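Step one of this worksheet: look at the structure below.
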Amino acid sequence: MKDIFSRVKGTTSVFTVIGCPVKHSFSPVIHNTMALVTGRDFIYTAMEVQSDCVQGAIKGAYCLGIKGINVTVPHKVAVMDLLCDIDKKARVIGAVNTLKYTEDGYVGYNTDVIGAGYAIKNKGYEIKDKTVLLIGAGGAANACAVTACDEGCKKLIIANRTEDKAKRLAKNISAFYDCEIETVSMKDLNSVDSCELIINATTVGFGDKAGLSPIEDKSFYKAKGVEFVFDAIYTPWETQLLKDAGEQGVETLNGFSMLIYQAVAAEEIWFDEKYSKELQEELCEKLSKYFRENC
Ligand code: ATR
């Protein structure tokens, strides 16, 4: 009880995530843990907002002085019309997941891009000057493609089951980044000459596709010179892709740290302060333990 009385006071700010559905969101656990670890005086909630109420919700939140909002499915595009400014990375992706209160209104950001970059970098892997094979061309792939180009990869190869979608994504990214981008159909994956980093941003390996890998040929990793594999999936904790790559001596990382680091990036934007690598790693360790034991 004592904790509750000292935790929420008249000075306590409220941050929130809006979406529909949103009750499953892990963001309140992440940000409330971060508030405890950093000692900041805020709480973080989840609010279900229907599509016809997004405009009213954003206006109301602004009037209430809510300093930061995360936006999740299905409102990531709809909120863009309600903002006073939008950061470059969010404009490239065409979706916003973080709003910051300013005097002129909310400014929109996309921290999924930053989260993917932090996750890979904190594992000690540099994307700069590497050839990246990105598998997938949906929402998650869009963010990872921007991460790869923003971090200065040498070449980005986008592989997708539906190659037209990969081509569309490549065209969109090329309008913003001066990076060599190729596309390939998933069925022709073996035609890729070489790649050092593989990012899986498909749903292959998740849900009813658990146990499947987007790369069926286990000799692929050695044959193409793969050094690191990042899978945006984190349920299951180790996908078949990561298992196969790990068995071939390749370094691997699942998507849980991207989830944590996109939240870290949001707080850095809200509070105008960089979080140290040590703090980021402490949060990731605490939260991954909690997630694996409880979720
Ligand atoms: P998200 O927002 O999570 O990225 P999405 O936009 O629906 O989800 O994208 C899902 C991605 O997984 C797409 O790249 C999809 O390929 P298509 O564009 O061809 O649909 C890919 N995907 C889903 N099921 C797949 C499967 N069985 N085999 C290969 N790719 C698959």
Side-chain angles (χ1 to χ4, degrees), residues 17-22 24-27 51 70-80 89-90 92-98 110-117 119-120 132-149 156-173 181-192 195 197-218 220 229-237 239-245 253-263:
V17 54
I18 62 165
C20 190
V22 80
H24 65 283
S25 173
F26 194 57
S27 291
S51 293
N70 284 128
V71 182
T72 188
V73 181
H75 307 320
K76 288 184 177 191
V77 178
V79 291
M80 293 178 84
K89 294 187 189 90
V92 181
I93 293 178
V96 151
N97 77 338
T98 298
N110 192 307
T111 64
D112 289 332
V113 176
I114 310 171
I120 295 169
V132 179
L133 171 63
L134 169 65
I135 310 177
N142 200 340
C144 292
V146 177
T147 305
C149 293
L156 174 64
I157 305 165
I158 308 175
N160 199 43
R161 178 177 59 179
T162 317
E163 199 185 347
D164 271 358
K165 266 172 77 180
K167 286 202 165 94
R168 250 178 285 146
L169 176 57
K171 193 170 168 220
N172 182 39
I173 305 279
I181 307 180
E182 284 175 9
T183 64
V184 64
S185 164
M186 279 293 286
K187 62 176 172 26
D188 299 326
L189 212 51
N190 253 317
S191 69
V192 169
C195 56
L197 170 64
I198 296 177
I199 300 176
N200 176 41
T202 70
T203 49
V204 180
F206 172 73
D208 60 356
K209 292 184 282 270
L212 300 179
S213 168
I215 297 178
E216 285 168 5
D217 176 3
K218 292 186 188 173
F220 187 90
V229 178
F230 172 65
D231 197 331
I233 298 169
Y234 52 90
T235 44
W237 196 254
T239 57
Q240 192 62 43
L241 170 71
L242 296 187
K243 195 165 180 285
D244 293 346
L253 179 67
N254 76 11
F256 188 75
S257 48
M258 178 177 170
L259 175 73
I260 304 306
Y261 294 141
Q262 61 77 30

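We count ligands from 1, going down the list as the structure has it; atoms in each ligand are counted the same way. Quantities reported herein were computed from a predicted structural model and do not represent experimental measurements.
For the salt bridge (Lys or Arg N to Asp or Glu O under 4.0 Å) with Glu163, the qualifying choice from Lys167, Arg161, Lys165 is Lys167, the only one to do so.
Counting heavy atoms of neighbouring residues, nucleotides and ligands inside a 6.0 Å radius, atom CZ of Phe256 exceeds 12 of them. Annotation for Phe26: atom CZ counts as buried by contact number, over 12 foreign heavy atoms lying within 6.0 Å.
Here the straight-line distance linking atom CD1 of Ile158 with atom CZ of Arg168 works out to 12.0 Å at 0.5 Å rounding.
Here the side chains of Asn142 and Ile173 are in contact, with some heavy-atom distance below 4.5 Å.
Checked against side chain to side chain contact (heavy atoms under 4.5 Å, CB included), Ala141 has the following partners two or more places apart in sequence or in another chain: Leu134, Leu169, Ala201.
Sorted by chain and number, the heavy-atom contacts of ligand 1 below 4.0 Å come from Gly136, Ala137, Gly138, Gly139, Ala140, Asn160, Arg161, Thr162, Lys165, Thr202, Thr203, Val204, Lys209.
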